[in-house]
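Heads up: the structure comes next, in structure tokens.
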There are 2 protein chains.
Amino acid sequence: MNKRKKEIIDLSIKYLRKYGFDSFSFQDIAKELGIAKASIHYHFPSKEDLLNGVLDEIKLGLIAIRSELRVVDQNTQKLKRFFEIMITLNPKEFICPISSLQAEYFVFSEEIQDKIRDISKTEIGIISEILETGRDEGEFVFTSSPEEEAKILLSSYKGFLLYSRALEKEVEDDLIERLVEKLLK
Amino acid sequence: MNKRKKEIIDLSIKYLRKYGFDSFSFQDIAKELGIAKASIHYHFPSKEDLLNGVLDEIKLGLIAIRSELRVVDQNTQKLKRFFEIMITLNPKEFICPISSLQAEYFVFSEEIQDKIRDISKTEIGIISEILETGRDEGEFVFTSSPEEEAKILLSSYKGFLLYSRALEKEVEDDLIERLVEKLLK
DNA sequence: GTCTATACAAAGATAGAC
DNA sequence: GTCTATCTTTGTATAGAC
């Protein structure tokens, strides 16, 4: 992909995570990159095209994380590594881009909604697979399905990010430890 | 409060919870009420004025819930009743208005941010108080502070609402039961 | 590939009639 | 209290020059 195109997408994800998709404009992106608003339209004719680019990038990110986790051997470690990556990607004031998209879900076209659903499922799939294997190997104990447990785990973490920005508090390092402890032992 | 004013606020909260604050317009509200866009401006000169009205209404709602819970005697029952109310207020496709505001937090002025923080703290306070009393009376067991536990509990539930809309699944009735079970026993 | 210029639509907002 | 009319600003989008 074109270097400029990549820059625009990365910046859009930043704005998405800080303000929401409807709350930033081509002008915001153009200004920060020091180019004209119209130049953004060259790379992405419409804002929906830009969103498509953003969604593809998020999906690729998830796939990369999944690959990285394949080489980690313990399931507890996989889980910790997953959230370690999440925390690195989510500094203070920034929420998960997927949460942001879910919050505005009904603003988007069906095509976009389908992509958001696919991304949400992929993410749940990653955690769910770890939980299932971990349960079968005796590392984790839980009563409901791996998928339901994965949803609770991800929900807790992401909901926490939302609260943290309003409370103006950093997410504490041991949050994941506590969540895993609580939910899976 | 004026009847029309109340209608506008209630409808705004509905739109806030379905699309986000930046994603609905005075026009949307006016159309649904069958009045002119300018009529909304009569009640709320600016959109920030409208948001202030929305925030006051949300705060009053929380205070009403707190009062209602005071007459419930068991702490487990208080907790269940709280989420029972939440579930009734959050039908399919609608997320918690507080989550929605937290997602757009940095779009708003400092004055608004302060109000969102106050609302977030009030909500956590309600749950936190129940958890603390419940722990002291031996109903609940948890290791971290009542406030931290309250944040996790609320985060799980609200994060779950976000996922549910993207997965196009209803939140199952036993979610709260499972969360309380997991987190506090 | 990025620019200027411009069009077009929508949103927020105001003034003044009824 | 609600209306019409109008204004301003902003956001998305297009055309065509460099």
When you check the side-chain N and O atoms of [X] and [Y], is any donor under 3.5 Å from an acceptor?
{"X": "B:Lys169", "Y": "B:Tyr163", "answer": "no"}
{"X": "B:Ser46", "Y": "B:Asp49", "answer": "yes"}
{"X": "B:Ser164", "Y": "B:Glu170", "answer": "no"}
{"X": "A:Arg17", "Y": "A:Asn90", "answer": "yes"}

Starting from [atom2] on [N], measure out to [atom1] on [X] and report it in whole angstrom.
{"X": "B:Phe44", "N": "C:dA11", "atom1": "CZ", "atom2": "P", "value": "19 Å"}
{"X": "A:Asp49", "N": "D:dA13", "atom1": "CG", "atom2": "P", "value": "8 Å"}
{"X": "B:Leu33", "N": "D:dT2", "atom1": "CG", "atom2": "C1'", "value": "12 Å"}
{"X": "A:His41", "N": "D:dA17", "atom1": "NE2", "atom2": "P", "value": "19 Å"}
{"X": "B:Ile29", "N": "C:dA10", "atom1": "CD1", "atom2": "P", "value": "17 Å"}
{"X": "A:Lys31", "N": "D:dT10", "atom1": "NZ", "atom2": "C1'", "value": "13 Å"}
{"X": "A:Glu7", "N": "C:dG1", "atom1": "CD", "atom2": "C1'", "value": "13 Å"}
{"X": "A:Tyr15", "N": "D:dG11", "atom1": "OH", "atom2": "C1'", "value": "15 Å"}

Please determine, for the side chain of [X], which listed nucleotide ([options]) has the closest atom?
{"X": "A:Lys37", "options": "D:dG1, D:dT12, C:dG12", "answer": "D:dT12"}
{"X": "A:Ser46", "options": "D:dA13, C:dT4, C:dG1", "answer": "D:dA13"}
{"X": "B:Gln27", "options": "C:dA11, D:dG11, D:dT4", "answer": "C:dA11"}
{"X": "B:Lys47", "options": "D:dT2, D:dT4, C:dA13", "answer": "C:dA13"}
{"X": "A:Ile35", "options": "C:dT2, D:dT2, D:dT4", "answer": "C:dT2"}
{"X": "B:Ser39", "options": "D:dT2, C:dT2, C:dA15", "answer": "D:dT2"}

Mind checking A:Phe26 for me? I need base, sugar-phosphate or nothing, with any heavy atom below 4.0 Å counting as a touch.
sugar-phosphate
Look at all strands and tell whether A:Phe24 reaches a base, only sugar-phosphate, or nothing, counting heavy atoms closer than 4.0 Å.
sugar-phosphate
Do the side-chain N or O atoms of B:His43 get closer than 4.0 angstrom to the phosphate oxygens (OP1, OP2) of D:dT2?
yes
Residue-phosphate contact under 4.0 Å: A:Tyr42 side-chain N/O, C:dG1 OP1/OP2
yes
Can you find a heavy atom in the side chain of B:Ile112 that is under 4.5 Å from one in the side chain of B:Tyr105?
no
Assign each of A:Glu48 and B:Gly34 to its nearest nucleotide of DNA chain D by heavy atoms, then name whichever residue's nucleotide is nearer the 5' end.
B:Gly34
